[in-house]
There are 2 protein chains.
Amino acid sequence: MANDFRQSSVRLSCYSCPLRSMSHFRRFSEDELDFVARFKRGELSTDAGATVVVEGTNSAHLYTVLEGWGFRYKILEDGRRQILNYVVPGDLVGLQGALMAEMQHSVEALTPMTLCMFERSRLFTLFEKHASLAYDLTWLAAREESILDEHLLSIGRRTALERAAYLLAFLHERGRLTGLLDETRRYVPVTQTHVADTLGLSIVHTNKTLRRLGDRGMIRWLDRGCDVLDVEALCEVANWRPDDALVRPFI
Amino acid sequence: MANDFRQSSVRLSCYSCPLRSMSHFRRFSEDELDFVARFKRGELSTDAGATVVVEGTNSAHLYTVLEGWGFRYKILEDGRRQILNYVVPGDLVGLQGALMAEMQHSVEALTPMTLCMFERSRLFTLFEKHASLAYDLTWLAAREESILDEHLLSIGRRTALERAAYLLAFLHERGRLTGLLDETRRYVPVTQTHVADTLGLSIVHTNKTLRRLGDRGMIRWLDRGCDVLDVEALCEVANWRPDDALVRPFI
DNA sequence: CGCAATGTTGAGTATATTCAATTATCGTGG
DNA sequence: CCACGATAATTGAATATACTCAACATTGCG
C-alpha cells in the first residue's frame, strides 16, 4: 500500500524505446532523440497500488509512463476521493509539479508500472533548444484538457448508465492505442471502487449500474476488472465517439 | 443570441495593454513584447450572449481575453449542456483548436467581451523564437488542467451546497485577480441556469441550493447574477482554498 | 402591452445513498 | 493443508437527495 519502488535492473535506452516503434506515437528526428536520451535520468518501477506522486509535494522529476496503468486523483479532507483521469504508456506524469509550485493531485499505480524519469530542472532547456518537443508538451497538456472536458460532461450531465459506458469505452480505447489491450487481452484493471470514484457514484449504485451493462452483454465483470466485449455498444449508450487522431507526440 | 461581432473602433497596442499594468500578470521583456505585438492580428468585440467559438469548427485564430466574462461548454445531442470553465481577462481561448484538429468545446460571452486575436499559423514561430512565451503557454494549459481537476472533484464528490459555494468562491477569486471585481463591484454575471449547468444540477435544485447560501448571508442573488458577500465563508463550506500563485503568465 | 427569459415554489417521483449483511477470492501464517 | 483476515463484489431495505412537472411572479425589452 505504501510507496514501494524498485530500482529497475535493465534500463532501456531511448534509442530502443519500445513505444517509439508503435504507430500511435510520432517519429522523432535524430536530433530530438539525442536530446531526450540525455534528458532522461533513470527509470522508476512500481508495484500495483504504489503511490507515484503525492498531492502537495514537489518532486524534482517529471515522468513518462512506459508500461502499465495508473490513475490521478484528489481527495477531500474527510476522505472523499475523485479519480480525475487514468495514465497509460506515453502519458506525462508530474508536468504540473514541474511548472507550478507543487502537485495538485496524486498518482497511483493500478498495475505494476515502469516510468521514464526526467530532470525537472532541465525542462526549460527543452523549451530553449527544441521547439518541436516544447510544442509536443503543450499538445499533451491540451489533450489532457480535452479529456477532462469530456469527463466533466460525463459526470455533470450523463446518467449513471451512460457514464459507466463512457468510462469503459474510454479506458478500452486508451488501452488499445497504447498497446495495453488487444483482441486477446481485453481486461481493464480497475475495481468497482475505482469506477465509483471516477463516476462520482457510490459503490453500491456503481455495482448495480455495471451489472446492467453486463446484462446487456457489453462487458463481463471479473475480479478486479472487466473484459470489454462490445465497445461499439458502449459508445452508443454513452453517445460518445473516441478521438480519431492517428498519431500523438510523446516525450 | 447568434454570433454578433463588432469591429472595434479603438484598437489597443500591446505596448499599452491595460492587463500588463496589473500586478497579477508577469512582466514582459522588450523582446517578448515586440514579438507579441507583431503576433497580434486584431481585436474582437462581442455582445453578451455571443458565441465566440463553436465546437467542431477550426478557427484560424487564437485569442486572449482582454475584457469581460465568458464560459466554455459542451453539449450532448439531446441538448444537455455542461459548462466546463469560465474565461476571464488573460485567459487563452482556442488553444486546443490551434494545436489539434478542431475545437472540442464552444465558448460564449457572459458579458460584452473584447478579445485579442492571434494568427494560428504563426504559433509555431512563437515556439521557435520565444521559449519563454512557449513556456508560458504550457503553464497556462497546465493551470487550466488543474482548475478542471478541481471542478471534477467538485461535481463528483462535493454535495450540492458545497459545489455551489465552491463555484461562487472560485468565480469571485478569478474576477478579483483579473480586475473584474473589487470591493465595490462584486457582481458575478451568471444566471441560475449557468450555475446549474456548471454544477451538474437541475435549475430547480440549484435555485433551492443558492437560496440556502443566501439565507446564510454568503451571497445575495440579484437579477442575472449575484453579489458575493462572504468569500471566506464560501471557501469554508466548500473546503477549498484558492491557489495563491501571485503572478501568472499572459500572452 | 405582451412576449421572452429568469427566478420561485410546492408536490410527486425517480435516482442514488447509506446501512447492513452476505459471498467470493486471495494471500499469509500457523 | 486450512483457518484467518483483508479486499472485492453483491444484494435488499430504508432513507436522502435531486429531478420533473406545473404553476406563478418578476423583469426587461420591442
Side-chain angles (χ1 to χ4, degrees), chain A residues 1-2 4 47-50 76 78-83 108-112 154-165 168 187-215 219-227, chain B residues 1-2 4 47-50 76 78-83 108-112 154-165 168 187-215 219-227:
Chain A
M1 196 55 30
D4 190 348
D47 289 336
L76 290 169
D78 62 3
R80 282 175 285 177
R81 179 177 72 169
Q82 177 65 39
I83 294 182
E108 188 177 315
L110 276 173
T111 64
S154 203
I155 301 197
R157 288 305 185 209
R158 280 193 243 253
T159 66
L161 192 74
E162 289 168 342
R163 278 184 235 184
L168 292 170
Y187 178 74
V188 179
V190 289
T191 65
Q192 296 193 355
T193 301
H194 290 123
V195 175
D197 285 351
T198 311
L199 303 183
L201 300 171
S202 69
I203 316 179
V204 172
H205 196 233
T206 298
N207 179 279
K208 288 165 184 166
T209 304
L210 288 172
R211 171 158 302 279
R212 284 204 282 157
L213 288 179
D215 290 345
I219 63 168
R220 177 175 45 206
W221 198 268
L222 307 162
D223 193 45
R224 292 147 200 262
C226 73
D227 277 358
Chain B
M1 196 55 28
D4 189 349
D47 287 337
L76 290 169
D78 62 4
R80 282 175 285 177
R81 179 176 72 168
Q82 178 64 40
I83 294 182
E108 188 176 315
L110 276 173
T111 64
S154 203
I155 300 198
R157 288 305 185 208
R158 279 194 244 253
T159 65
L161 192 74
E162 291 168 342
R163 277 184 236 185
L168 292 170
Y187 178 75
V188 179
V190 289
T191 65
Q192 297 194 354
T193 301
H194 291 123
V195 175
D197 284 352
T198 310
L199 304 183
L201 300 172
S202 69
I203 315 178
V204 172
H205 195 56
T206 297
N207 178 278
K208 288 166 183 168
T209 304
L210 288 172
R211 171 158 300 278
R212 285 203 283 157
L213 288 179
D215 291 345
I219 63 169
R220 178 175 45 207
W221 198 268
L222 307 163
D223 193 42
R224 294 151 199 258
C226 71
D227 277 357

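These figures come from a predicted structure and were not determined experimentally. Residue numbers begin at 1 in each chain, while the letters A, B, ... track the order of the sequences.
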| message | Let's go through A:I219 and A:D227 carefully: what are the C-alpha distance in whole Å and the side-chain angles of both, what is the deciding distance for side chain to side chain contact (heavy atoms under 4.5 Å, CB included) to 0.1 Å, and is it a yes or a no? | response | CA-CA 6 Å; A:I219 63 168; A:D227 277 358; over 6 Å; no
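- Along DNA chain C, the nucleotide closest to A:R212 and the one closest to A:R224 are compared, and the more 5′ of them pairs with A:R212.
- Atom OG1 in B:T198 sits 7.0 Å away from atom CD in B:Q82 (nearest 0.5 Å).
- Rounding to whole angstrom units, CZ of residue B:R80 and P of D:dT20 are separated by 10 Å.
- Less than 4.0 Å separates DNA chain D from at least one heavy atom of each of the following residues of residues 194-205 of chain B: B:G200, B:L201, B:S202, B:V204, B:H205.
- For C:dT8, the OP1/OP2 oxygens have a side-chain nitrogen or oxygen of B:Q192 closer than 4.0 Å.
- Among all heavy-atom pairs drawn from A:A164 and A:T209, the shortest one is CB-CG2, 4.0 Å.
- Here the CG atom belonging to A:L210 is positioned 6.5 Å from the CG atom belonging to A:L168, to the nearest 0.5 angstrom.
- With rounding to the nearest 0.5 Å, the separation of CD in A:Q192 from NE2 in A:H205 is 12.5 Å.
- Across the protein-nucleic acid pair, B:K208 atom NZ and C:dA11 atom P stand 10 Å apart, rounded to whole Å.
- Each of A:R211 and A:D223 has a nearest nucleotide on DNA chain D; the 5'-most of these lies closest to A:D223.
- Heavy-atom contacts from other residues, nucleotides or ligands closer than 6.0 Å to CG of B:L76 number more than 12.
- Following rounding to the nearest Å, A:L210 (CG) and D:dT11 (P) show an atom-to-atom distance of 12 Å.
- With rounding to whole Å, B:R157 atom CZ is found 15 Å from D:dT17 atom C1'.
- Remark: C1' of C:dT8 and CG of B:L213 are 16 Å apart, rounded to the nearest angstrom.
- A:N207 has a side-chain polar atom (N or O) that falls below the 4.0 Å cut-off from OP1 or OP2 of D:dT10.
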